[in-house]
Amino acid sequence: MRDATRSGGKAALYDAFAASGKALASGKRLELLDLLAQGERTVDALAKASGLNLTTASAHLQTLKQAGFVATRREGVRIHYRLAGDDVGRLFALLRKVADRHQSAVPAARDAYLGEDGAVEVTHEELLDRVAAGGVVVLDVRPAEEYRAGHIPGALCIPVAELADRIGELPEEAEVVVYCRGEYCALAYDAVRLLADHGRRAIRLDDGMLEWRLADRPVRTGDAA
């Protein structure tokens, strides 16, 4: 009897684990987690950023909430979503890494999405060393609301969509270190290509804001510079 009870308990436990896996079994839900890793957002903002209609975005967010991956707060009629904890961000980052290493379709899809810009990549430590040595501009090319939610201290904010018109704000002789949301974010690749086309020296952080946060690096919040 005890063995049967234990067997049933084990099955229930693994079914509970599987429920979390099922919540992640959607590319669009992973994209929503990627956006929420940058900061709190309303349903409307998430729908717009992910290219979903409001009903579909809400349904995906409810699935993530039921699995315990996101939390909410209400402000008047608006509901704001956020990651339920840093452990959710770590799980998301690890899932991408494991898939990249062991899922044969990922590298080709990654390369097709990100493209090639020929840029040098630097680690967190190398970025900090370059900043300490001077002559480097750190450029955040995410949307301004993501920058305000948290950015690398001292980074300038020029969203990639505005970079062509605002490139004159960057010192001509400075080396520009570009970063965006994370390791698989195309914004930094697009920015480096644009800067190179304008004759600027541009390199790229080898990951992005998600990994910077998870590494417990210093983060500053506030208005765009």
Side-chain angles (χ1 to χ4, degrees), residues 20-84 88-89 91-97 99-100 103 105-117 139-151 157-166 178-194 204-205 207-213 224:
S20 292
K22 289 177 183 177
L24 298 177
S26 162
K28 277 300 182 182
R29 286 199 285 275
L30 293 179
E31 186 177 351
L32 291 170
L33 289 179
D34 192 14
L35 291 167
L36 288 170
Q38 306 304 310
E40 187 180 69
R41 272 182 162 90
T42 64
V43 180
D44 290 13
L46 287 165
K48 182 178 180 181
S50 61
L52 295 170
N53 64 51
L54 193 58
T55 300
T56 303
S58 296
H60 282 312
L61 288 165
Q62 284 305 307
T63 298
L64 292 170
K65 184 179 180 182
Q66 289 165 9
F69 291 135
V70 301
T72 60
R73 71 175 178 88
R74 182 179 289 275
E75 184 178 345
V77 298
R78 291 182 176 273
I79 297 177
H80 298 256
Y81 283 82
R82 66 184 184 278
L83 294 187
V88 178
L91 174 62
F92 173 61
L94 181 59
L95 173 63
R96 297 194 305 190
K97 277 291 191 185
D100 201 349
Q103 222 270 62
V106 172
R110 176 200 62 211
D111 293 344
Y113 171 56
L114 296 176
E116 178 53 57
D117 57 12
L139 179 63
D140 187 321
V141 294
R142 299 173 299 156
E145 63 269 22
E146 296 181 17
Y147 176 94
R148 288 192 291 268
H151 56 270
C157 173
I158 305 180
V160 69
E162 303 173 13
L163 184 55
D165 293 332
R166 297 177 58 188
V178 182
Y179 75 92
C180 56
R181 291 167 177 156
E183 184 176 357
Y184 301 90
C185 175
L187 303 179
Y189 284 76
D190 293 343
V192 165
R193 282 188 283 264
L194 189 153
R204 191 176 55 251
L205 188 63
D207 47 38
M209 199 62 213
L210 169 61
E211 294 85 358
W212 185 270
R213 285 182 183 274

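The model shown is predicted, which means the values in this text are computed figures rather than measured ones.
In this structure, Leu24 and Leu33 have side chains that are in contact, with non-hydrogen atoms separated by less than 4.5 Å. At a threshold of 4.5 Å between non-hydrogen side-chain atoms, the residues Leu187 and Val178 do not count as touching. Counting only heavy atoms from C-beta outward, the side chains of Trp212 and His151 never approach each other to under 4.5 Å. A 4.5 Å side-chain heavy-atom check between Arg181 and Pro143 finds at least one atom pair inside the cut-off. Within the 4.5 Å cutoff, no side-chain heavy atoms of Phe69 are placed close to those of Leu36. Contact of the Val160 side chain with the Leu194 side chain is not registered, since no non-hydrogen atoms from C-beta on lie closer than 4.5 Å. Residues Arg166 and Pro159 meet the side-chain proximity criterion, which asks for heavy atoms closer than 4.5 Å.
The CG atom of Asp140 sits 10.0 Å away from atom CD1 of Ile158, with the distance rounded to the nearest 0.5 Å. To the nearest 0.5 angstrom, Leu64 atom CG is 10.5 Å from Ser20 atom OG. Considering CZ of Arg148 and SG of Cys157, their distance stands at 7.5 Å, rounded to 0.5 Å. Put simply, NZ on Lys65 and OG1 on Thr72 are 3.5 Å apart, with the number rounded to the nearest 0.5 Å.
Residue pairs meeting the side-chain hydrogen bond (donor to acceptor under 3.5 Å, both in side chains) criterion with at least one member in residues 27-37, sequence neighbours excluded: Lys28-Glu31, Arg29-His60.
Taking all atoms of both residues into account, the shortest heavy-atom contact from Tyr184 to Tyr113 is O-CE2, 3.4 Å. The two residues Arg142 and Tyr147 make their nearest non-hydrogen contact at NH2-CA, 3.5 Å. The shortest non-hydrogen separation linking Cys185 to Cys180 is SG-SG, 2.6 Å. Taking each heavy atom of Leu32 and Ser50 in turn, the nearest pair found is CD2-OG, 3.8 Å. What you find for Leu83 and Ala37 is that their closest heavy atoms are CD1-CA, 3.7 Å. Here the closest non-hydrogen pair linking Val141 and Ala191 is CG1-CB, 3.8 Å.
Partners of Arg110 according to the side chain to side chain donor-acceptor pair (under 3.5 Å) rule, which considers only residues two or more places apart in sequence or in another chain, are Asp100. Among residues two or more places apart in sequence or in another chain, the side chain to side chain donor-acceptor pair (under 3.5 Å) test is passed with Gln66 by none. Partners of Arg73 by side chain to side chain donor-acceptor pair (under 3.5 Å), not counting sequence neighbours, listed by chain and number: Glu40, Glu75. The salt bridge (Lys or Arg N to Asp or Glu O under 4.0 Å) check on Arg204 picks up Asp117, Glu121, with sequence neighbours excluded.
Between Arg193 and Glu116 there is no salt bridge, since none of the side-chain N atoms of the basic residue sits less than 4.0 Å from a carboxylate O of the acidic one.
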I'd like a table of donor-acceptor pairs (distance under 3.5 Å, sequence neighbours excluded) in which one partner is a side-chain atom from residues 41-48, with atom names and distances.
residue	atom	partner	partner atom	Å
Arg41	NH1	Leu35	O	3.0
Arg41	NH2	Glu146	OE2	2.5
Thr42	OG1	Ala45	N	3.1

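Here the side chain of Glu183 pairs no donor or acceptor atom with the backbone of Gly208 at under 3.5 angstrom.
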Passes side chain to side chain contact (heavy atoms under 4.5 Å, CB included), Leu139 versus Leu163? Steps please. CA-CA 10 Å; Leu139 179 63; Leu163 184 55; 4.1 Å; yes

